[in-house]
Structures are given as C-alpha cells and as structure tokens.
2 protein chains.
Amino acid sequence: MANEGIHREWASRIRGHEESGHLVESVVEILDCAALCFTEMGFQGTSIDDVARRLGATKGRIYHYFRSKTDLFFEVHREGMTRLMDAVTAAMDAGGTGREKLQRMVEAHALTMMQNVAYEAVVVQGVHLHRLSATTPEQRVILNELMDVRHQFEQLFVQVFHEGQADGSVRETADTSLAVKGILGAVNWMAIWYRPRADESPETQKAMAVEVAGLQIKGVT
Amino acid sequence: MANEGIHREWASRIRGHEESGHLVESVVEILDCAALCFTEMGFQGTSIDDVARRLGATKGRIYHYFRSKTDLFFEVHREGMTRLMDAVTAAMDAGGTGREKLQRMVEAHALTMMQNVAYEAVVVQGVHLHRLSATTPEQRVILNELMDVRHQFEQLFVQVFHEGQADGSVRETADTSLAVKGILGAVNWMAIWYRPRADESPETQKAMAVEVAGLQIKGVT
DNA sequence: GTCTATATCGTGATAGAC
DNA sequence: GTCTATCACGATATAGAC
C-alpha cells in the first residue's frame with residue numbers, strides 16, 4: 001500500500017485512548033453516537049447532552065475522553081477520512097490501467113460512503129467549516145491536518161487520472177482538477193441523499209457503487 | 001416557460017415586504033449579508049448579531065423584516081432555489097433533443113452556482129437540515145415547500161432524461177434517478193469548492209460551466 | 001470511569017425610546 | 001424604520017462525589 005504512510009500517522013490519537021493501534025471500545029461507542037447526532041442535526045445543532053442521551057449516559061463520560069465538542073467532531077471527521085483513504089488506496093494499489101484503477105477507486109469511494117453514511121456525512125459537513133470553531137492552536141493543527149488529508153485524497157485521483165492519460169485509457173481534458181472535482185462531488189453527494197434501506201443487501205450496495213462509478217468514468221474516457 | 005407556474009407562487013413573500021413582484025432593497029441587503037454569513041459559518045454558527053454587523057446595523061433592523069433567524073435562513077434558501085429554478089427552466093424550454101436540453105440545463109445549473117455562490121451554498125447546507133429547527137407549524141410549511149421544490153427541480157432533470165432516452169439521444173441506464181443524482185451532485189458540489197477569483201471573467205465562468213456539464217453528459221450518452 | 005451539580009457565558013428574541 | 005437596552009434560556013465546560 002503505497003500511500004499507507006501518508007495518513008496512518010494521524011489516525012487514532014484521542015488523548016492516548018488506544019490499544020494496539022485500535023481505538024478502545026468506549027471511544028468507538030462515543031464516536032458512533034456523535035457521528036449519528038452530527039449527521040442528523042449538524043455540528044452546532046448537536047449538544048453534548050444529545051450525544052450523551054443517545055449513548056445512554058451523561059456528559060461526564062464524553063468529557064472524560066474528549067476535551068471539547070470540537071475535538072469530538074474532528075475525531076469523527078478523522079475517522080471518516082481514514083476509512084475513505086484506506087478503501088481508496090487499497091483499490092488504487094491493485095494495479096491495472098489508469099482507467100481500471102480509477103473505476104475501482106471511485107467504486108471504493110462510493111461503497112465506503114454507503115457503508116459509513118454517518119461518518120462520511122460528517123466529513124462532508126466538515127468541508128463547510130473552513131476555520132469555524134477552531135479556537136485553540138491545537139485545534140488549528142488538527143484542522144489543518146484534516147484539510148491536508150482531504151487534499152491528498154483528491155490528489156490520489158488526480159495522479160491516477162494522469163496515469164490514465166499517459167497510458168491512453170483516460171481522455172485528455174481541459175482541466176484535470178475540474179474533472180476530478182466533478183467525480184468526487186457526484187460521489188460525496190451520496191452522503192446527502194443515500195440512506196441504507198432496512199433490507200438492503202451488500203450486493204445491492206456494491207451494484208449501486210459500480211453504477212455510480214461507471215457513469216462518472218464514462219464521462220472521462 | 002412551461003414550469004414557471006410551478007415555483008413562482010412560493011417566491012418572495014417575506015412579511016409582505018415586496019413591491020411589484022420584487023423584494024424591497026432593504027430586504028435584499030439583509031438577504032445578501034445573511035447568505036454570506038451562513039455560507040461562511042453555517043446556520044447555527046451564525047448569530048443575528050453577525051449578520052447585523054456585516055450589514056453595518058443592529059438586530060433591530062433584521063427583526064423588523066424577519067420573525068426569526070430560521071425564517072431568515074429559509075428566505076435565503078428560497079431565493080437560491082428560485083434562481084436555480086429560473087435558470088434551469090429557461091434552459092429547458094429552449095427546445096432541442098433530450099441530450100441538448102440536458103446539456104444546457106446542467107450548464108445553467110453550474111453557471112448559477114458560480115454566479116450565486118453564497119445563496120447556493122446555503123441551499124446546499126439546507127439539504128442537511130431535514131427538519132432541524134423547524135419549530136413553529138408555519139416554518140414546517142415553508143420547509144416542506146422548500147423540500148418540494150428541490151424535488152421538483154430534480155424531477156425536471158429526470159423528465160428530460162427520459163425524453164432523451166425516448167428520442168435516442170440519451171443512453172438507457174439501470175437507474176435514472178441514480179444517474180441524475182450523480183449529475184446534480186457533481187454540480188451542487190461546486191458550492192463547496194468554487195469561489196470566484198478576483199479577475200475571473202464571465203467567459204471563464206461560462207467555459208467552466210460548459211466543461212463540467214460536458215463531462216457529466218458524456219457519462220450518460 | 002461515570003455521575004450530579006453548577007458556574008459562566010453567548011445568543012435569540014422583545015420592549016420601548018427616538 | 002432603526003436603535004439601545006434587557007430578559008430568558010440553553011449549552012459548554014468544570015468540580016467534585018461516588
């Protein structure tokens with residue numbers, strides 16, 4: 001995995017509450033509830049009490065693990081980005097022509113959006129908050145990291161796009177960045193409208209991801 | 001304009017502050033400032049004082065025209081949707097094959113996003129707030145209207161998509177709704193990343209709109 | 001590690017002068 | 001029609017018991 005090093009370093013470091021590289025269960029529970037709340041009600045629309053209530057606890061529990069509401073939001077965002085990065089880098093590293101890689105990457109992106117709607121909806125929300133509520137200098141650092149990773153994420157697609165143009169599997173375009181932003185927009189938008197159905201099978205999800213990716217890739221080949 | 005009647009009725013009715021079908025200047029000023037604030041800081045992140053400060057006034061002025069912060073947000077949203085609807089219906093009513101109409105509609109959509117970033121970023125934000133902060137019954141009515149209009153907007157594209165499939169200018173797809181959501185997502189996403197440059201000419205904007213639309217339409221033809 | 005207070009403050013909304 | 005108070009309330013964050 002060529003790009004693992006790029007993002008692994010910034011994952012999982014909430015006040016040191018981790019063991020063997022994984023977040024402890026208590027933290028995951030909190031993040032899950034927070035993701036749902038933020039997704040349904042927005043950052044500022046969610047109170048810590050809301051998250052606590054959903055957790056079946058009180059704020060004491062949350063403030064034991066997270067310094068502030070902003071830190072909590074950032075951590076959910078970070079986790080969402082990590083899952084996207086993992087999925088897309090894996091798809092990217094499996095070889096093939098530029099076009100084949102691109103198709104797989106977009107599929108992976110779409111599938112991850114569907115399988116982690118709550119987290120990814122927070123990531124999409126986070127795009128809005130440019131520097132909002134980054135009060136402490138420490139938070140600014142984290143915010144900058146998150147923005148960097150989003151940029152790196154986009155660059156993965158740009159890079160493979162160019163590979164594809166080099167090997168002739170992807171069409172020449174007026175503006176590569178614009179083309180990539182279009183593709184990523186189409187997929188990111190899924191966080192807005194996609195909600196899993198009760199009876200939805202993994203096969204159906206996969207089929208949707210392939211369909212969405214196919215339409216986008218067709219546009220650039 | 002076949003669809004004018006669909007949305008004209010819900011435009012411009014802020015406490016009756018309108019003359020000859022247009023909003024009075026005072027209201028437009030407030031909406032402009034509010035749009036900028038909401039775009040930069042989000043709905044809950046924006047205080048009425050923020051809007052007032054930007055306006056060079058105090059809240060008294062705002063509360064004279066709008067009952068509540070929520071009403072203000074809704075009105076910005078409504079204005080943004082109106083501009084989108086106007087542009088897209090005009091593009092749609094100019095005739096041609098399904099594919100040609102679709103291309104023009106997406107171009108118009110994209111161009112409107114660029115020319116009204118603040119308003120349209122609020123529209124995009126508004127998609128998140130499903131029923132958030134719709135406290136009074138009157139607000140619920142307005143929110144429902146806004147959601148209806150968003151749905152109608154999407155249906156315009158679905159409809160022309162089918163026209164195109166009927167006349168053979170648009171490819172058959174597994175799921176029309178999915179294909180349209182992809183296109184709209186790609187264009188809506190512009191509200192996130194696009195910010196006009198100081199020296200950007202209308203021609204450059206138009207060229208970008210055509211490029212974005214072209215890539216999307218190529219995917220479905 | 002989780003709870004129950006509680007301090008503290010920002011913000012939405014109103015009342016009333018001008 | 002716009003301003004200057006001012007109220008009322010909810011939410012973040014903390015302190016300290018258990």
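Every chain is numbered from 1 and lettered A, B, ... according to where its sequence line falls, protein lines coming before strand lines. The figures here come from the full heavy-atom set of this structure, side chains too, leaving out hydrogens, waters and symmetry mates.
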Checklist entry - Can any side-chain N or O of Glu29(B) pair as donor or acceptor with the backbone N or O of Leu55(B) at less than 3.5 Å? => result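 Absent.
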Checklist entry - Any salt bridge (Lys or Arg N to Asp or Glu O under 4.0 Å) pairs touching residues 190-204 of chain A, not counting sequence neighbours? => result none
Qualifying residues under salt bridge (Lys or Arg N to Asp or Glu O under 4.0 Å), relative to [X], sequence neighbours excluded:
X	result
Lys69(A)	none
Arg104(B)	none
Arg54(B)	Glu40(B)
Asp50(A)	Arg53(A)

Scan the side chains in residues 180-189 of chain B for donor-acceptor partners under 3.5 Å anywhere in the protein, sequence neighbours excluded, and list what turns up.
{"from": "Lys181(B)", "atom 1": "NZ", "to": "Glu154(B)", "atom 2": "OE2", "distance (Å)": "2.7"}
{"from": "Asn188(B)", "atom 1": "OD1", "to": "His109(B)", "atom 2": "NE2", "distance (Å)": "3.1"}
{"from": "Asn188(B)", "atom 1": "ND2", "to": "Leu184(B)", "atom 2": "O", "distance (Å)": "3.2"}

Next on the checklist: Quick check on dG1(D): is either OP1 or OP2 less than 4.0 Å from any side-chain nitrogen or oxygen of His64(B)?
Outcome noted: yes
Next on the checklist: For Asp175(A), give me all partners under side-chain contact (heavy atoms from CB on, under 4.5 Å), at least two apart in sequence or on another chain.
Outcome noted: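 In terms of side-chain contact (heavy atoms from CB on, under 4.5 Å), with neighbours along the sequence ignored, Asp175(A) is linked to Ser177(A), Leu178(A).
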Checklist entry - What string of B, S and - do you get for nucleotides 4-18 of chain C 5' to 3' if you count protein non-hydrogen atoms under 4.0 Å? => result B------SBBB----
Item to check | End axis versus end axis in the helix from dG1(C)-dC18(D) to dC18(C)-dG1(D), the angle rounded to 10°, five pairs used at each terminus | outcome: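 Computed angle between terminal axes is 10°.
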Rounded to the nearest Å, what distance is computed from the [atom1] atom of residue [X] to the [atom2] atom of nucleotide [N]?
X	N	atom1	atom2	answer
Tyr65(A)	dA13(D)	OH	P	19 Å
Arg61(A)	dA15(D)	CZ	C1'	20 Å
Phe66(A)	dG1(C)	CZ	C1'	14 Å

